[in-house]
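Computation of the quantities below employed the complete heavy-atom set of this structure, encompassing side-chain atoms and omitting hydrogens, waters and symmetry-equivalent molecules.
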Amino acid sequence: MIRGYVTSRSFGGLCIPVPAQNSCLRELARSRSVAYGLPPLEHKFENCYMQLFTVLRSANKGDTIAMYSVAMLPINSPKKMDAINAIAIEKNLTLLFVLEGVECSSTRDISNIVSSYLLREIFSNHCKV
């Protein structure tokens, strides 16, 4: 099963409407011939990831958690990322990011994609022409 996670907040400099995020996630599930669980909408509050943790905790072992982008994760909060990794390991979850076309099935995968994203963010902020 693919469980979705969506937010109405902007992320990574993008503001993707929730119906568009849902459409991408639903199409992903359809293309893989697996069930898709309609996601709860994340709260609008900055740095709130309550619904993300709800999705992670309610997932069954081996499920895939899909979201539009890596930028939707709390990448600037090591404590929250550690908690996400712990749940993902315990439940053998796969995290899938549609925009980046990346699937993470281990702590190392998640760390690598988050590190890459943070580096891209640093360079884009410091190398403006």
Pairs meeting criterion salt bridge (Lys or Arg N to Asp or Glu O under 4.0 Å) with involvement of residues 59-79, two or more places apart: R3-D63
Any residue meeting side chain to side chain donor-acceptor pair (under 3.5 Å) with S69, in chain and number order, not counting sequence neighbours: E100
For R30, salt bridge (Lys or Arg N to Asp or Glu O under 4.0 Å) partners two or more places apart: E27
Taking every non-hydrogen atom, the tightest pair across G4 and P40: O-CD, 4.3 Å
By side chain to side chain donor-acceptor pair (under 3.5 Å) - contacts of Y68 (at least two apart): none
From CA spacing to verdict: side chain to side chain contact (heavy atoms under 4.5 Å, CB included), M67, L73: CA-CA 9 Å; M67 56 191 81; L73 291 172; 3.9 Å; yes
Exam field: side chain K80 to backbone N47, donor-acceptor pair closer than 3.5 Å: yes
Under the side chain to side chain donor-acceptor pair (under 3.5 Å) test, residues paired with Y36 that sit two or more places apart: N22
Linked, directly or transitively: M1 and V98 (ILVMFWY side chains, under 4.5 Å): no
Under 3.5 Å donor-acceptor pairs involving side-chain atoms of residues 82-93, not counting sequence neighbours:
unit_1	atom_1	unit_2	atom_2	d
N85	ND2	M81	O	3.4
K91	NZ	R57	O	2.4
K91	NZ	A59	O	2.7

Of all pairs that satisfy salt bridge (Lys or Arg N to Asp or Glu O under 4.0 Å), the ones with a partner from residues 11-22, not counting sequence neighbours: none
ILVMFWY cluster membership beyond M50 - transitive side-chain contacts under 4.5 angstrom: none
Side-chain touch T54/L52, heavy atoms, less than 4.5 angstrom: no
Partner set under side chain to side chain contact (heavy atoms under 4.5 Å, CB included) for S23, not counting sequence neighbours: R26
Side-chain donor-acceptor pairs under 3.5 Å in residues 9-19, sequence neighbours left out?
unit_1	atom_1	unit_2	atom_2	d
R9	NH1	H43	O	3.0
R9	NH1	F45	O	2.6
R9	NH1	C48	O	2.9
R9	NH2	C48	O	3.0

Check: E42/Y5 side-chain N/O donor and acceptor closer than 3.5 Å: yes
Results of side chain to side chain contact (heavy atoms under 4.5 Å, CB included) for C104 - residues two or more places apart only: L95, F97, V102, D109, I110, I113
Side-chain (S31) to main-chain (L28) donor-acceptor, under 3.5 angstrom: yes
Residue from V6, L96, I2 passing side-chain contact (heavy atoms from CB on, under 4.5 Å) with L25: V6
